[in-house]
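Report on one structure; see the data block that follows.
For ligands, and for the atoms within them, numbers begin at 1 and follow the listed sequence.
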Amino acid sequence: MKLLEDVIREKGTILEGGVLKVDSFLNHQIDPELMKALGDEFAHAFKDHGINKILTVETSGIAPAVFAGFELGVPVVFGRKNKSLTLQDNMYTTSVYSYTKQISNEISISKDFLDSNDRVLIIDDFLANGQAVAGLLSICKNAGASVAGIGIVIEKSFQKGRRFVEESGIPILSLARIASLDEHGITFVDESTDQNND
Ligand code: 5GP
């Protein structure tokens with residue numbers, strides 16, 4: 001998505017270890033107009049997949065997920081990282097290792113909001129090693145929900161998450177795909193030579 005690539009080039013900062021800082025529009029301050037454009041793109045791509053629910057993880061997946069949910073007319077459920085005292089039981093829980101924070105988080109989703117009637121679109125801000133997506137897939141499996149697609153805002157294609165998703169056979173749409181990220185700058189996967197971004 002050209003608009004997103006332009007914003008990443010203009011506002012993204014490259015940190016050590018192949019980490020991209022996007023605090024000015026996605027991870028801290030949020031650009032609503034851009035989030036709407038991202039949400040619309042996900043909704044358009046997955047509108048014929050029979051989706052009745054969007055699943056994401058707090059915090060940064062929520063904004064694009066809500067715009068996609070608005071456009072598709074379906075609710076958005078986000079995995080909670082801290083168990084609320086009022087939500088101790090009746091939860092699906094899985095452990096997710098955070099690439100950027102280098103800690104494991106428990107992700108919980110209430111059984112009230114996910115079950116075997118659900119056909120889910122998973123949305124997240126980044127795909128790096130695939131831990132967050134794997135955690136959400138495992139929760140969907142436990143709930144008996146089917147996963148119709150995965151929407152990622154920024155994919156770091158040089159890490160192993162993309163391959164993991166492709167091997168799962170679930171359709172994936174990543175709106176920006178970064179081929180490399182280093183002191184020389186950001187290179188995006190050339191869409192014209194890539195056949196897999198369906
Ligand atoms: P994964 O679970 O695929 O390894 O990483 C996905 C999660 O890690 C995302 O939800 C995001 O919070 C975080 N993450 C991974 N790589 C980056 C990065 O380069 N920049 C930022 N800002 N977050 C990242």
For Asn105 and Ser98: C-alpha separation, side-chain torsions, deciding distance, then whether side-chain hydrogen bond (donor to acceptor under 3.5 Å, both in side chains) applies.
CA-CA 7 Å; Asn105 276 310; Ser98 164; 5.2 Å; no

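Atom CZ of Phe164 is surrounded by more than 12 heavy atoms from other residues, nucleotides or ligands within 6.0 Å.
Sorted by chain and number, the heavy-atom contacts of ligand 1 below 4.0 Å come from Gly18, Val19, Leu20, Asn27, Tyr99, Thr100, Asp124, Asp125, Phe126, Leu127, Ala128, Asn129, Gly130, Gln131, Ala132, Lys156.
By the ring pair (Phe, Tyr, Trp, His ring centres under 6.0 Å) test, His49 pairs with Phe46, sequence neighbours left out. Taking the side-chain contact (heavy atoms from CB on, under 4.5 Å) definition, one finds that Asp118 meets it with Asn52, Lys53, Leu114, Asp115, Val120, Ala145, sequence neighbours left out. Taking Asp6 as the reference, Lys2 meet the salt bridge (Lys or Arg N to Asp or Glu O under 4.0 Å) condition, with sequence neighbours excluded.
Side-chain atoms of Thr94 and Glu106, non-hydrogen and from C-beta on, never get closer than 4.5 Å to each other.
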